[in-house]
Amino acid sequence: MTPPHSSRRTTTRSTGGARKPRSGGPGRALIPPARVGDPSTRHRLLISVILVAVLALSGRLLWVQGLDASARAEEAIAQRTVTRTIPALRGDITDRHGTTLASSVERYDLWVNQLQVDEYLENSKTAEVTGVTAAAQDLAPVLGWSVPETEEALTGDAGFSYLRKSIEPEVRDAALSLRIPGIGADRVAERIYPAGSVGGNILGFVGADGTALAGTEFSFDDELRGTDGKTTYERGAQGQIIPTGTQETTPAVDGDDVVLTIDRDLQWKAQQIVAGAVETWGASGGSAVVYNAHSGEVLALAEHPSFDPNTPGAFAPEDLGNRSISSVFEPGSTGKLFTLAAALEEGTVTAESQYEIPYEMWFDGHRVKDSHQHPDQRLTLAGVLKHSSNVGTVQIAETVSPEVRYDYLKAFGLGTTTGVELPGESAGIVHPVEEWQGRTRYTTAFGQGYSVNALQMVTAVGTFANDGVRVQPSLIKGIQQDDGSVRPLGEPQSTRVVSGETAATMRALMDNAVDEETSSAAVDGYAVAGKTGTAQVGDGTYTASFIGFAPADDPDLVVGVFVFGLNSFISGSRAAAPAYSELTTFALQNQGIAPTGVPGREFENEW
């Protein structure tokens, strides 16, 4: 019998279907039946994802291999394509006779791809040694190195490194003939100056990278440097050239040859002579100019100190330029020539005009004196020039206005660059006439109060040698053509300054000023016309000069010698005239100019 307060657990078995949930009884929630996923839905979703991925990959593959194939191919080619420069050779610079003064010689930079050297002789059936060791043994004698140092240079993982730079073509040919994988060479140029320091101040120089830095090299860089070429090729992973790849070469076009007006032998002699004058008198420097007054050609433009353009770094920076055009100075007594020419041309004086010349004289409260003490003199205009009297020159100058004298100084080319084809020329200084205050009005009459360069002065004096016409000086004869002819750069500018009659009178007066029997400027067998000059510089030193020409009656060449930085007053007749005589003698012989034998005009120097 079951107790009244007990319950009996009963179990109902199901013969099929789902199990029925138990009643939760009072206060208990019913448990819902579990839901089972539909496998067909998951399968459809997975297949959709796979199809989308396949379609995306197929589309990308179609794009890369089809529509975008050419772009990808071009990108791949670009990544393995290399372009190397083939440098052009600079043109030569020669003297007027074709003698080479500057030239570019063919050289090569030898390089190595160390990743490829191991392949050397790897397919040889007879080689006992291969790879880097064999390459070092074969290459060492070609380079003049030891085998160990050659092997060290060939060993590593560098895709590119230089072995030797600037080797001769025969060394390059011998190295490449070994056919060592990874060994190559690039053409370069080495600038050389066969005559050394001869004309160095004219030629200038180039830097280690071939950049023109001074002189003719700089002024005519466009003509000399040529046009670089290039070679383009495809290379493999180790840097080797792909034989079947793209290879294109644009050859270099070498520069033109520039022909100077100078004569190498005359230039050499001028440099020797001016160096001797500088050393004799303890000066700081000097210049010498030989100029053809008819053509404007400069046959020599010498400097001391100068430099060797092969090794410009071994010389002081101040010696790398050209003092003949960059350094300015007061001309001193050579400036008297322009005062006399202006008065003669204006018709206010003649060669026979008479003057009373004391040692010193006052002009409007300003004292003018001659260079040496002397008693009162009675001199003609010819005598004023012969004795180089400052007092007499001012008396002549006062026959024309300062404005007229200023115009003549400018017409002679003073205060303006000559236009010669070199960098760094100074125009000098000729102050406007409005600034000729006080004493300057008188000192400009005898070559003080304005400044010039050496080439300016020689060109200006050359006006008298060329019948009153000043011709622009030039250092360039032209550009050498393939057929050997020389193409000139144009006609030099010419300026009529004084009449032919005035020029002839000036030549005679300058001949009269030089005593062929006793003057240190005399040239054996030739009548010499010339003028000395000495002027003090602002730093307390002096500049001495002599400018002249021979034969006096029919001159071609004008020669000027200038000695700078004299520590005391030394006249042009002592410091410069002997050098002028030596240089003019050589120049006349060098150019084959014979004496005319015509005697000079006789003048009365006193009255």
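Owing to the predicted nature of the structure, the values given are computational and were not obtained by experimental measurement. If you read the sequence from its start, that first residue is 1, and numbering goes on from there.
Side-chain contact between Ser474 and Pro492 is absent, with no heavy-atom pair separated by less than 4.5 Å. A 4.5 Å side-chain heavy-atom check between Leu385 and Lys531 finds at least one atom pair inside the cut-off. Side-chain contact between Val486 and Ile479: absent, with no pair of heavy atoms (C-beta onward) separated by less than 4.5 Å. Here the side chains of Pro488 and Lys477 are not in contact, with every heavy-atom distance at 4.5 Å or above. Here the side chains of Pro358 and Val391 are in contact, with some heavy-atom distance below 4.5 Å. Counting heavy atoms from C-beta on, the side chains of Gln591 and Asp263 come closer than 4.5 Å. For the pair Asp553 and Arg507, the minimum side-chain heavy-atom distance is 4.5 Å or more. Put simply, the side chain of Ile202 reaches to within 4.5 Å of the side chain of Leu260, judged on heavy atoms.
By the 30° and 60° cut-offs, the orientation of the rings of Phe562 relative to Phe564 is parallel. Classification of the Phe546-Tyr580 ring pair by plane angle, with boundaries at 30° and 60°, yields tilted. By the 30° and 60° cut-offs, the orientation of the rings of Phe315 relative to Phe307 is perpendicular.
Judged by distance alone, with hydrogens and angles left aside, the side-chain atoms of Thr459 form a donor-acceptor pair with the main-chain N or O of Leu455 at under 3.5 Å. Counting only distance, with no hydrogens or angles, the side chain of Ser451 and the backbone of Ile429 share a donor-acceptor pair below 3.5 Å. Judged purely by atom type and a 3.5 angstrom limit, Gln480 uses its side chain to pair as donor or acceptor with the backbone of Gly484. Between the side chain of Thr261 and the main chain of Val298, a donor-acceptor pair closer than 3.5 Å is present. In this structure, the side chain of Arg96 does not engage the main chain of Ile476 through any donor-acceptor pair within 3.5 Å. When atom types are taken as modelled, the side chain of Asn390 and the backbone of Lys369 share a donor-acceptor pair closer than 3.5 angstrom. In this structure, Glu345 contributes its side chain and Ala342 its backbone to no donor-acceptor pair below 3.5 Å. Between the side chain of Glu421 and the backbone N or O of Ser219 there is no donor-acceptor pair closer than 3.5 Å. Thr393 places no side-chain N or O within 3.5 Å of a backbone atom of Ala445 that could act as its donor or acceptor partner. Under a 3.5 Å cut-off, the side chain of Gln456 and the backbone N or O of Thr418 do not form any donor-acceptor pair.
Of the inter-residue distances, the one linking Glu190 atom CD with Ile167 atom CD1 reads 12.0 Å to the nearest 0.5 angstrom. Note that CG of Asn590 and CG of Leu299 are 8.0 Å apart. Values are rounded to the nearest 0.5 Å. Here the OG1-CZ distance, from Thr463 to Arg496, works out to 10.0 Å after rounding to the nearest 0.5 Å. How far CZ of Phe586 is from NZ of Lys269: 6.0 Å, rounded to the nearest 0.5 Å. Note that the CG atom of Leu89 and the CZ atom of Arg107 stand 10.5 Å from one another [nearest 0.5 Å]. Rounding to the nearest 0.5 Å places OG of Ser326 at 8.0 Å from CG of Asn453.
Side-chain contact, Asp92 with Thr94: no donor N or O sits under 3.5 Å from an acceptor N or O. No hydrogens or angles considered: nothing links the side chains of Ser494 and Gln472 as a donor-acceptor pair under 3.5 Å. In this model, a donor atom of one side chain and an acceptor atom of the other lie less than 3.5 Å apart for Ser333 and Lys336.
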Could you list the donor-acceptor pairs under 3.5 angstrom formed between side-chain atoms of residues 569-577 and any protein atom two or more places apart in sequence or on another chain?
from: Ser571; atom 1: OG; to: Ser573; atom 2: OG; distance (Å): 2.8
from: Ser571; atom 1: OG; to: Arg574; atom 2: N; distance (Å): 3.4

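When the shell of 6.0 Å around CG of Asp539 is examined, it contains more than 12 heavy atoms from other residues, nucleotides or ligands. Counting heavy-atom neighbours within 6.0 Å of Tyr359 OH, excluding the residue itself, gives a total above 12. Within 6.0 Å of the CD atom in Gln493, the count of heavy atoms belonging to other residues, nucleotides or ligands does not exceed 12. Around NE2 of His372, the count of heavy atoms belonging to other residues, nucleotides or ligands within 6.0 Å does not exceed 12. Atom CD of Glu604 has 12 or fewer heavy atoms from other residues, nucleotides or ligands within 6.0 Å. Within 6.0 Å of CZ on Arg405 lie more than 12 heavy atoms contributed by other residues, nucleotides or ligands.
Taking both residues in full, the closest heavy atoms of Thr380 and Tyr355 are given as C-CD1, 4.3 Å, listed atom of the first, atom of the second, then distance. Heavy-atom minimum distance, Arg323 versus Asp319: NH2-OD1, 2.5 Å. Residue Ala275 comes nearest to His304 through the heavy atom pair CB-ND1, 3.4 Å, listed as atom of the first residue, atom of the second, then distance.
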**Prompt:** Between Arg378 and Glu606, is a salt bridge (Lys or Arg N to Asp or Glu O under 4.0 Å) present by the stated rule, with each step listed?
**Reply:** CA-CA 6 Å; Arg378 288 181 160 185; Glu606 299 178 357; over 6 Å; no
**From CA spacing to verdict: side chain to side chain donor-acceptor pair (under 3.5 Å), Ser389, Asp370** = CA-CA 6 Å; Ser389 170; Asp370 286 341; 3.2 Å; yes
**Request:** Kindly determine whether Leu301 and Ile262 satisfy side-chain contact (heavy atoms from CB on, under 4.5 Å), including the steps that lead there.
**Result:** CA-CA 8 Å; Leu301 192 68; Ile262 70 167; 5.5 Å; no
**Request:** Before giving the answer on side-chain contact (heavy atoms from CB on, under 4.5 Å), spell out for Tyr193 and Leu101 the whole-Å C-alpha distance, their side-chain angles and the decisive distance to 0.1 Å.
**Result:** CA-CA 6 Å; Tyr193 302 87; Leu101 299 175; over 6 Å; no
**Prompt:** Would Asn605 and Asn512 count as a side chain to side chain donor-acceptor pair (under 3.5 Å) if you check the C-alpha gap in whole Å, the side-chain angles of each, and the deciding distance to 0.1 Å?
**Reply:** CA-CA 9 Å; Asn605 295 312; Asn512 178 71; 2.9 Å; yes
**Asked** What do the steps show when you test Arg191 against Ser104 for side chain to side chain donor-acceptor pair (under 3.5 Å), and what is the final call?
**Response** CA-CA 4 Å; Arg191 198 65 166 167; Ser104 288; 3.0 Å; yes
**Asked** Given Arg441 and Glu398, is the salt bridge (Lys or Arg N to Asp or Glu O under 4.0 Å) satisfied, shown in steps?
**Response** CA-CA 9 Å; Arg441 168 173 175 162; Glu398 286 296 281; 3.1 Å; yes
**Message:** Let's go through Met457 and Ile547 carefully: what are the C-alpha distance in whole Å and the side-chain angles of both, what is the deciding distance for side-chain contact (heavy atoms from CB on, under 4.5 Å) to 0.1 Å, and is it a yes or a no?
**Reply:** CA-CA 8 Å; Met457 281 301 292; Ile547 307 173; 3.8 Å; yes
**Prompt:** After noting the C-alpha distance and the side-chain angles of Tyr291 and Val471, does the key distance pass the side-chain contact (heavy atoms from CB on, under 4.5 Å) rule?
**Reply:** CA-CA 10 Å; Tyr291 162 77; Val471 182; 3.7 Å; yes
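In summary, of the residues considered (Asp257, Leu203, Thr100), a side-chain contact (heavy atoms from CB on, under 4.5 Å) with Ile93 occurs for Leu203 alone. Tested against Phe412, the residues Phe338, Tyr450, Tyr406 include a single ring pair (Phe, Tyr, Trp, His ring centres under 6.0 Å) partner, Phe338.
A salt bridge links Asp221 to Arg90: one of the charged nitrogens lies within less than 4.0 Å of a carboxylate oxygen.
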